[in-house]
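Basis for what follows: all heavy atoms, side chains included, without hydrogens, waters or symmetry-related copies. Computed from a predicted structure; not experimentally measured. The chains referred to below are lettered A, B, ... by the order of the sequence lines, with proteins before strands, and numbering in each begins at 1.
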2 protein chains.
Amino acid sequence: MKIGELGRVTGTPVETIRYYEREGLLAAQARTEGNFRIYDASHVERLSFIRHCRSLDMALDEVRILLRFKDAPGENCGDVNTLLDAHIGHVAARIRELRALERQLRSLRERCHDARDAAHCGILNELSQPPRQGASNEGGHVHGVHGGARARNAGK
Amino acid sequence: MKIGELGRVTGTPVETIRYYEREGLLAAQARTEGNFRIYDASHVERLSFIRHCRSLDMALDEVRILLRFKDAPGENCGDVNTLLDAHIGHVAARIRELRALERQLRSLRERCHDARDAAHCGILNELSQPPRQGASNEGGHVHGVHGGARARNAGK
DNA sequence: CTTGACTCTGTAGTGACTACAGATTGTTAA
DNA sequence: TTAACAATCTGTAGTCACTACAGAGTCAAG
């Protein structure tokens with residue numbers, strides 16, 4: 001199969017597949033005479049693996065590690081558990097952080113119920129004060145609030 | 001005051017201040033003879049405002065909108081409330097999404113309690129299956145799991 | 001007068017894609 | 001046969017909010 005079909009089967013944009021190849025995650029060994037990439041069932045499985053990991057918000061570096069375990073079937077998989085536990089920890093930490101953030105935002109919102117002139121807006125005035133320190137996500141690798149789980153919106 | 005002091009006072013890296021200037025958020029009107037930027041108390045307040053907004057994970061485009069309200073004190077501030085409500089909505093949506101993600105990760109983790117060889121690892125096998133569809137964060141602007149609230153780690 | 005701290009401009013890197021431009025290859029209809 | 005069109009190719013630039021330099025200039029203290 002060619003790249004377009006692989007994309008359709010796995011729900012992955014074609015350009016993302018080529019990006020994974022540049023990143024060394026998924027290489028097509030063969031090409032047609034006309035230089036088109038050729039894939040088979042093993043590529044479908046490998047790409048599904050990658051996309052599943054990404055849908056679980058793992059970084060590509062984490063996926064790379066998991067792929068190494070897949071490629072070495074005799075190895076002990078204890079480190080897989082370790083990696084997953086760490087990832088769960090990061091997600092849990094980010095949830096705690098966002099909950100604190102939500103509380104701060106709601107208390108800020110309390111300061112201005114009615115629309116009036118901006119000069120007396122409690123929200124704008126409060127924002128001019130330095131922020132109080134909150135959770136700071138020291139060791140983790142968890143994103144800010146903007147952006148989103150793009151992997152799943154691929155088709156639209 | 002010069003850029004270093006402004007950075008110290010507001011807890012902002014110097015290069016970030018220059019970045020905000022390039023982005024049109026905070027301009028130093030004056031320079032010294034030696035071409036150094038000069039700031040005063042109004043800049044401290046404006047930068048504090050920006051940093052406070054960022055510590056609440058607002059995008060710079062959102063901050064830009066709020067700054068416009070600050071710069072037009074006679075205007076009605078109803079849209080400030082609207083913006084903040086939308087932002088709270090995005091944060092809440094991201095929390096829901098991450099909670100669903102955490103459940104999926106914990107159920108995945110259940111599949112392999114003991115370290116054994118990777119060929120029979122329940123986690124690796126499960127990941128090779130296509131993901132089930134979950135929350136997808138359609139309209140929002142909320143990030144993935146990696147990265148983090150960098151604004152607060154500025155000093156280290 | 002030299003050392004060192006500070007500042008300047010400009011450019012490149014981050015992560016995980018996304019979006020082109022411009023060329024080539026393959027498929028189908030007239 | 002030819003023309004249109006879809007699919008693919010390579011390569012580069014853009015996204016966001018910074019961060020990290022390089023290389024040059026400015027300034028205060030010893």
Side-chain angles (χ1 to χ4, degrees), chain A residues 1-8 10-26 28 30-39 47 50-51 53-64 90 137 140-156, chain B residues 1-8 10-26 28 30-39 47 50-51 53-64 90 137 140-156:
Chain A
M1 67 173 65
K2 283 182 285 176
I3 198 169
E5 195 183 342
L6 179 63
R8 238 165 303 148
T10 60
T12 311
V14 165
E15 336 215 49
T16 301
I17 297 174
R18 286 195 282 250
Y19 168 73
Y20 289 159
E21 181 174 319
R22 279 201 300 283
E23 290 296 303
L25 294 166
L26 179 79
R31 298 273 180 129
T32 65
E33 284 188 15
N35 198 34
F36 288 7
R37 291 167 178 85
I38 304 175
Y39 300 96
L47 182 52
I50 296 169
R51 297 300 276 177
C53 290
R54 287 292 300 135
S55 82
L56 296 173
D57 256 340
M58 293 180 198
L60 287 188
D61 274 347
E62 293 176 311
V63 179
R64 244 180 284 269
H90 295 322
N137 180 37
H141 58 169
V142 179
H143 264 195
V145 178
H146 304 274
R150 293 184 198 83
R152 261 178 248 115
N153 299 356
K156 72 165 178 185
Chain B
M1 67 173 65
K2 283 182 285 175
I3 198 168
E5 196 184 342
L6 179 62
R8 240 167 293 128
T10 61
T12 310
V14 164
E15 337 215 46
T16 300
I17 298 174
R18 286 194 283 251
Y19 169 74
Y20 289 160
E21 182 174 319
R22 278 202 300 285
E23 291 295 305
L25 294 166
L26 180 81
R31 297 273 180 130
T32 66
E33 283 187 15
N35 198 33
F36 288 7
R37 292 168 178 84
I38 304 175
Y39 301 96
L47 182 52
I50 296 169
R51 297 300 276 177
C53 290
R54 288 291 300 135
S55 82
L56 297 173
D57 255 341
M58 294 180 199
L60 287 189
D61 273 348
E62 292 175 312
V63 180
R64 242 180 285 266
H90 295 322
N137 179 38
H141 58 171
V142 179
H143 264 195
V145 178
H146 305 274
R150 294 183 196 83
R152 261 177 247 113
N153 300 357
K156 74 167 177 182

Distance below 4.0 Å between [X] side-chain N/O and [N] OP1 or OP2:
{"X": "B:R51", "N": "D:dC18", "answer": "yes"}
{"X": "A:R37", "N": "D:dT10", "answer": "yes"}
{"X": "B:R31", "N": "C:dT9", "answer": "yes"}
{"X": "B:Y20", "N": "D:dC18", "answer": "yes"}
{"X": "B:T16", "N": "D:dT19", "answer": "yes"}
{"X": "A:R18", "N": "C:dC17", "answer": "no"}

Measuring from atom [atom1] of [X] to atom [atom2] of [Y], what distance do you get when rounded to the nearest 0.5 angstrom?
{"X": "A:I3", "Y": "A:E5", "atom1": "CD1", "atom2": "CD", "value": "12.0 Å"}
{"X": "A:D61", "Y": "A:E23", "atom1": "CG", "atom2": "CD", "value": "8.5 Å"}
{"X": "A:R51", "Y": "A:T10", "atom1": "CZ", "atom2": "OG1", "value": "7.0 Å"}

Atom pair distance, as rounded to whole Å: [atom1] in [X] and [atom2] in [N]:
{"X": "B:R8", "N": "C:dA5", "atom1": "CZ", "atom2": "C1'", "answer": "11 Å"}
{"X": "A:L60", "N": "C:dC17", "atom1": "CG", "atom2": "P", "answer": "5 Å"}
{"X": "A:I17", "N": "C:dA16", "atom1": "CD1", "atom2": "C1'", "answer": "15 Å"}
{"X": "B:M58", "N": "D:dA17", "atom1": "CE", "atom2": "P", "answer": "13 Å"}
{"X": "A:R54", "N": "C:dC17", "atom1": "CZ", "atom2": "C1'", "answer": "9 Å"}
{"X": "A:I3", "N": "D:dT10", "atom1": "CD1", "atom2": "P", "answer": "9 Å"}
{"X": "A:L47", "N": "C:dC17", "atom1": "CG", "atom2": "P", "answer": "10 Å"}
{"X": "B:F36", "N": "D:dA28", "atom1": "CZ", "atom2": "P", "answer": "9 Å"}

Discussion item. Heavy-atom nearest nucleotide on DNA chain D for B:K2 versus A:E21: which residue maps closer to 5'?
Written reply: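 Nearest-nucleotide comparison on DNA chain D picks A:E21.
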Item to complete: Could you check B:L60 against B:Y19 for side chain to side chain contact (heavy atoms under 4.5 Å, CB included), going step by step and ending with a plain yes or no?
Response: CA-CA 11 Å; B:L60 287 189; B:Y19 169 74; 3.8 Å; yes
Discussion item. Once hydrogens and angles are ignored, does a donor-acceptor distance under 3.5 Å link the base of D:dC16 to the side chain of B:E23?
Written reply: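 No pair found.
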Worksheet item: Donor-acceptor pair under 3.5 Å: do we get one between A:E15's side chain and the base of C:dC20?
Response: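 Side chain to base: pair present.
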Item to complete: Between A:G34 and A:R22, name the one whose nearest nucleotide on DNA chain C is closer to the 5' end.
Response: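 Taking each residue's closest nucleotide, the earlier one in sequence belongs to A:R22.
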Item to complete: Grab the two heavy atoms, one from B:K2 and one from B:F36, that are nearest each other, plus how far apart they are.
Response: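 Smallest interatomic distance, heavy atoms only, reads CD-CD2, 3.6 Å.
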